[in-house]
Amino acid sequence: MNQNKRESASFRDPSGFLFWREGVLYRQVNLSYQDDYTLLMKSGLYQNLVDDGLLIPHEEVNAEPYDSENVYRVICPERIPFISYPYEWCFGQLKDAALTTLALQKHALKYEMSLKDSSAYNIQFWRGKPILIDSLSFEKYEESKPWVAYRQFCQHFLAPLALMSLRDVRLNQLLRTYIDGIPLDLASKLLPFRTRFNFPLLTHIHLHAITQKRYAGKKIDLDSSNRVVNKTGMLGILSSLESIIRKLNWNPEETEWADYDSTHNYTDSSIEHKKQIVTTYLERVRPETVWDLGANTGVFSRLASQQMIHTVAFDIDPGAVELNYRQSVADKEQNLLPLLLDLTNPSPNLGWHNQERRSLFKRDSPDLLLALALVHHLAIANNVSLDQIARFMVDLAQWLVIEFVPKEDPQTQRLLSSRKDIFVDYTQERFEEVFGTYFQIADSMVINNSGRILYLMKKI
């Protein structure tokens, strides 16, 4: 984490920016934002949004500013345990983030303010819910002016949600390529033709894309009479967006691993024994943060999160992550964050100077890593050597709880069924030898009636 310098992702907004000093994250409010910030705080909007769990709370502090010539205030926002990005969210997370953004705009209008941007990157998941983290996203509402964040909302939220729901859920990965949202002309081309008979999608994506193309590169007069949008009209647009987003859905049962909990070869007693071992290891280490790699629907992630440990549950399968997120919402869980992750192609550095969006492993690292029923997928399905896997994991965490699934296990045999067995080094002995180079094996236990082995390891 960079200390005593500006946050690399915070540079586009002239209203202010984030900076680090002595391990504390601050936000500088610039003089140019003084009037809007004063209105935000004195109108009651800030407190209303904080009370409703829609805006991250902050404290005004006397900390030294980063840029003393332009400073109006320095604030210290409450820290988000883990920063995630829209292309790492499942369908339900992106949908809830979109609805939160619309709710923010509706609240703002009641206090004569408006969102000046609607970037999905300004939303994070905090205590199990989507929340706005940029206090400088509001400006004074001007009667009859169109919503300046409308296009951005459609590109960051509506377009990807429509593509995920109506075409293919994996199209959310377009957000990795287009970090300012999916271009509407591209979304229009990819969406099924029948969506042109859906009035909200016709209006907000297809016709919107045509309008964008028509006016591309042309100066637009925001004061023109044909662009007047009064507050009633804006509320109508917001209601239309909310209506279509609520109607967009996706069935998570269509993916490869979404039903893993009902198709694995564990007996009930084996599952319970595995849970007991993992719980024992968690109580022994007492980590503050846990990452669960290959978490599926989060059964074992919850052994950590239910101990009030902030836990990020990663999985490659969008259906599994969706089911995990739905359960976390239903149970009102505050310490579990399900996210999409392909370990063989994790989120890279993106954006300006390759620093605007950090790679997954440069954002944070956990105290303890869970890698349960994962190694055989990496080693056999993806041809990653045991040494590569061990070096990868030792770079991430001090403690490791890892499961070795032997070659004779039905799940391993399933992976080998369509390929030649070239994995002569995939043995328990070789596994312990390789991982023992990087970790001290603190404990190991065979899971009852399975032949699988759980290890507790500490970085050397």
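Side chains are part of it too, since the values below use all heavy atoms of this structure and drop only hydrogens, waters and symmetry mates. All residue numbers in this chain count up from 1 along the given sequence.
- With rounding to the nearest 0.5 angstrom, the CD1 atom of I402 is 11.5 Å from the CD1 atom of I453.
- A side-chain donor-acceptor contact under 3.5 Å links H107 and D52.
- One distance of note links CD1 of I380 with CG of D421; it measures 7.0 Å at 0.5 Å rounding.
- In this structure, E60 places its CD atom where more than 12 heavy-atom neighbours from other residues, nucleotides or ligands lie under 6.0 Å away.
- Counting non-hydrogen atoms of neighbouring residues, nucleotides and ligands closer than 6.0 angstrom, the CG atom of D268 reaches no more than 12 such neighbours.
- In this structure a side-chain-to-backbone donor-acceptor pair under 3.5 Å is present from T280 to Q276.
- With hydrogens and angles ignored, the 3.5 Å screen pairs no side-chain donor or acceptor of Q428 with any backbone N or O of P406.
- Of all heavy-atom pairs spanning N296 and D315, the tightest one is N-OD1, 2.7 Å.
- Once rounded to the nearest 0.5 Å, the distance linking CG of L372 with CG of L454 reads 6.0 Å.
- Relative ring orientation between H204 and Y150 is described as perpendicular, the plane-to-plane angle rising above 60° on a 0-90° scale split at 30° and 60°.
- Without hydrogens or angle criteria, S188 side chain to D185 main chain gives no donor-acceptor distance under 3.5 Å.
- A heavy-atom distance below 4.5 Å is found between the side chains of K275 and F300.
- When side chains are defined from C-beta on, L282 counts as touching V290, because their heavy atoms get closer than 4.5 Å.
- Atom CD1 of I245 is separated from atom NZ of K95 by 9.0 Å, given to the nearest 0.5 angstrom.
- Note: Y325 and F125 have perpendicular aromatic rings, judged against thresholds of 30 and 60 degrees for the angle between ring planes.
- Using modelled atom types, no side-chain atom of D117 and backbone atom of A149 make a donor-acceptor pair closer than 3.5 Å.
- In terms of heavy atoms, C154 sits closest to H208 at SG-ND1, 3.8 Å.
- In this structure the side chain of F138 reaches within 4.5 angstrom of the side chain of L49, judged on heavy atoms.
- Ring orientation note: the planes of F193 and F197 are nearly perpendicular, at an angle over 60° on the 30°/60° scale.
- With hydrogens and angles left out, the side-chain atoms of S385 and D387 include no donor and acceptor closer than 3.5 Å.
- Nearest approach of S137 to N122, heavy atoms of both residues: OG-ND2, 3.6 Å.
- Judged by distance alone, with hydrogens and angles left aside, the side-chain atoms of R6 form a donor-acceptor pair with the main-chain N or O of S10 at under 3.5 Å.
- Judged purely by atom type and a 3.5 angstrom limit, S243 has no side-chain atom pairing as donor or acceptor with the backbone of S240.
- If you look at Y426 and F404, their ring centroids are closer than 6.0 Å.
- Of all non-hydrogen atoms in Y87 and Q173, the two that sit nearest each other are O-NE2, 2.9 Å.
- The ring-ring contact (aromatic ring centres under 6.0 Å, His included) contacts involving residues 301-322 comprise W291-F314, where partners must be two or more places apart or lie in separate chains.
- Interatomic distance, CD of Q155 versus CD1 of I205, reported as 10.5 Å (0.5 Å rounding).
- Between V375 and V405, the closest side-chain pair of non-hydrogen atoms is not below 4.5 Å.
- Side-chain contact between I389 and L374 is absent, with no heavy atoms from C-beta onward closer than 4.5 Å.
- Between F431 and Y455, a ring centre-to-centre spacing shorter than 6.0 Å is recorded.
- Between the T101 side chain and the A97 main chain, a donor and an acceptor come within less than 3.5 Å of each other.
- For R170, the CZ atom sits in a loose shell: 12 or fewer heavy atoms of surrounding residues, nucleotides or ligands are nearer than 6.0 Å.
- Formation of a donor-acceptor pair under 3.5 Å by the R357 side chain with backbone atoms of Y85 is not found in this model.
- Two residues are said to be in side-chain contact when any heavy atoms from C-beta on lie closer than 4.5 Å; Q327 and R302 meet this criterion.
- Using modelled atom types, one finds no donor on one side chain facing an acceptor on the other under 3.5 Å when comparing Y121 with H156.
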Task: Derivation and outcome, side-chain contact (heavy atoms from CB on, under 4.5 Å), residues N172 and L340 - done: CA-CA 11 Å; N172 75 319; L340 281 164; 3.6 Å; yes

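- Side-chain atoms of S347 and E88 include a donor-acceptor pair closer than 3.5 Å.
- Residues P346 and F361 form a side-chain contact, since some pair of their non-hydrogen atoms from C-beta on lies under 4.5 Å apart.
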- [ ] Test K407 against T427 for side-chain contact (heavy atoms from CB on, under 4.5 Å), laying out the working first.
- [x] CA-CA 7 Å; K407 190 177 286 188; T427 65; 6.0 Å; no

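- Annotation for T437 and E433: closest pair OG1-O, 3.2 Å, computed over non-hydrogen atoms.
- Taking a 6.0 Å sphere around NZ of K106, one finds it holds more than 12 heavy atoms contributed by other residues, nucleotides or ligands.
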- [ ] Apply the test side-chain contact (heavy atoms from CB on, under 4.5 Å) to residues E322 and R326: give CA-CA distance (whole Å), side-chain angles for both, the deciding distance (0.1 Å), then the verdict.
- [x] CA-CA 6 Å; E322 181 73 24; R326 290 184 185 184; 3.0 Å; yes

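- More than 12 non-hydrogen atoms from other residues, nucleotides or ligands lie less than 6.0 angstrom from CZ of R419.
- The distance from the CG atom of L25 to the CZ atom of R79 is 6.0 Å, given to the nearest 0.5 Å.
- Between the side chain of T267 and the backbone N or O of S270 there is at least one donor-acceptor pair closer than 3.5 Å.
- At distances below 3.5 Å, not a single donor-acceptor pair connects side-chain atoms of Q355 with backbone N or O atoms of S8.
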- [ ] Please report the C-alpha distance between L166 and R194 in whole Å, then the side-chain angles of each, then the deciding distance to 0.1 Å, and finally whether the side-chain contact (heavy atoms from CB on, under 4.5 Å) criterion is met.
- [x] CA-CA 10 Å; L166 302 171; R194 69 179 187 273; 4.0 Å; yes

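- At least one side-chain heavy atom of L360 sits under 4.5 Å from a side-chain heavy atom of F82.
- A salt bridge (Lys or Arg N to Asp or Glu O under 4.0 Å) with E7 is found for exactly one of R27, R363, R358, namely R358.
- Contact between H273 and I447 at its shortest, heavy atoms only, is ND1-CA, 3.6 Å.
- S15 and K116 form a side-chain donor-acceptor contact under 3.5 Å, judged by distance and modelled atom types alone.
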